[in-house]
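Take a look at the structure below.
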Amino acid sequence: MKILLLGSGGREHAIARALRNDESTVLLAAPGNPGIGELAQLLELDILDGEAVAAAAREHGVDLVVVGPEAPLVAGVADAVRAAGIPVFGPSGAAAQLEGSKAFAKEVMEAAGVPTAQARVCTTLAQVDTALEEFGAPHVVKDDGLAAGKGVVVTEDRAAARAHAAACLGLAEDADLDAEGTPGKRVVIEDFLDGPEVSLFCICDGETAIPLAPAQDFKRAYDGGQGPNTGGMGAYSPLPWAPAGLSQEVVDTVALPVLREMARRGTPFSGLLYCGLALTSKGLRVVEFNVRFGDPETQVVLARLRSSLPQLLVAAARGELAAHPPLEWSEGAAVTVVLAAPGYPGTVTTGGEITGIDAANASAGAHVIHAGTKRVEAGGDVVQLVANGGRVLCVVGEGDDVPAARTAAYAALSHLALEGSHHRSDIAAQI
Ligand code: GLY
């Protein structure tokens, strides 16, 4: 099968690896990264331009387009590819609003009877103050729209919560209480959900949902869950502590009701429904939906998948998931640890040289995923690999159980060097 994969991060490198596990895959990718470039022919393409993506897919005779990140999905790239008659894994622009607007996702959950945190959608600071007062600390403040992993602030500090809300509305912190924010901007204030978080990815074709293995990611920047929120500093799978039957419960009480509600609205959801969940003292609650694979959870989930990923994704794209055989998984575990550039998740310093990747890849039970890297000419014939983003590399360790996978990941990580970089040392340490 000839597949065009869109994206350039760690998630896409992990997807590329899993797609290539099926020996029949011929892989193209745009724009890709140096790691993906070892597995795929890279194309120069504006991945936010649906017509350009459809034209490239047609020109290269691809059988399936897989859209990695949320931005092209929300921009309607999957619609253009579908309209060209090419199967695509990823929802329509309308269905991608489940991630594109937190307020829309809440509306769908309410209509579908899906358990989630109470929330208030605000357009003024007066509404924000009322909602912060109503729910109390810890405060959960979410930008309604896409914010490249920087939209959510969870804090005990009410002033910080209010400041983030003001920024989401495009207002100064000391703006008049009833001043309307920038037209179209909204902020969602939510009740805090206690309990451990789980990421469960469901492969969907509009009607059927097949869950992948549950994973957990570590969102805070520093050890012990300290520091600012990030896109994710590490992850592991499986979750030995998760209740038996969790995945089926999520399919029955979350994914299928959402699929039915989206179909009822005339915008069926086909692609990956990322269910971000909290297992609270009052039962399972949805924290958020995303409409694409999670990063870095994909690195551990797909490392364990033994079924063919191309066959699964093409079945979703063709609406044939009901006939798909049960998925097969490794009996073991996978742990990933993110190496982040200096400054991440704030202002990042890029351009630092990365060394040690070959040694890390040669380390027992481990492989390295490129998240934010690029190659640069360094004079003469020398080509350096340098940091090109906030999250630079993900080291994935595999083993018989989570502690063994963790040991493999950290042993490999010790070979990597990037001046000023940081990583968490407690990923999957307490399970
Ligand atoms: N790891 C969180 C995300 O992918 O959004």
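All residue numbers in this chain count up from 1 along the given sequence. As the structure lists them, so they are numbered: ligands from 1, and atoms in each ligand from 1.
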**Report entry** Under 3.5 Å: donor-acceptor pair, side chain of Asp205, backbone of Leu321
**Finding:** yes
Requested in this report: Keeping the roles fixed (side chain from Arg11, backbone from Phe293), state whether a donor-acceptor pair exists under 3.5 Å.
Outcome: yes
Query raised in the report: Tell me, which pairs form a ring pair (Phe, Tyr, Trp, His ring centres under 6.0 Å) where one or both residues lie in residues 92-121, sequence neighbours left out?
Result: none
**Report entry** Heavy atom of Tyr274, distance to ligand 1 below 4.0 Å
**Finding:** yes
**Report entry** Per-atom contacts of ligand 1 with Asn290, taking only distances under 4.0 Å to non-hydrogen atoms
**Finding:** 5 (O)
Query raised in the report: Tell me: protein heavy atom nearest atom 3 (C) of ligand 1, and distance?
Result: Arg292 NH1, 3.5 Å
Requested in this report: Give yes if a backbone or side-chain nitrogen or oxygen of Glu288 is under 3.5 Å from a nitrogen or oxygen of ligand 1, and no if not.
Outcome: no
Report task. Keeping the roles fixed (side chain from His164, backbone from Val140), state whether a donor-acceptor pair exists under 3.5 Å. Result -> no
Query raised in the report: How long is the span from the CG atom in Leu313 to the CG atom in Leu5, to the nearest 0.5 Å?
Result: 10.0 Å
Report summary line: Numbered in order shown, the ligand 1 atoms found under 4.0 Å of a heavy atom of Gly231 are 1 (N), 2 (C)
Query - Glu207 CD: over 12 foreign heavy atoms closer than 6.0 Å - result: no
**Report entry** Structural part of Glu297 in contact with ligand 1, heavy atom criterion under 4.0 angstrom
**Finding:** side chain
Report summary line: In this structure, atom 1 (N) of ligand 1 is nearest to the protein heavy atom Asp217 OD2, 2.6 Å
Query - ligand 1 contact by Gly294, heavy-atom criterion under 4.0 angstrom - result: yes
Query raised in the report: Is Lys219 in polar range of ligand 1, meaning some N or O pair under 3.5 Å apart?
Result: no
Query raised in the report: Pick from Lys219, Arg220, Arg285: which one makes a salt bridge (charged side-chain N to carboxylate O under 4.0 Å, His left out) with Glu197?
Result: Lys219
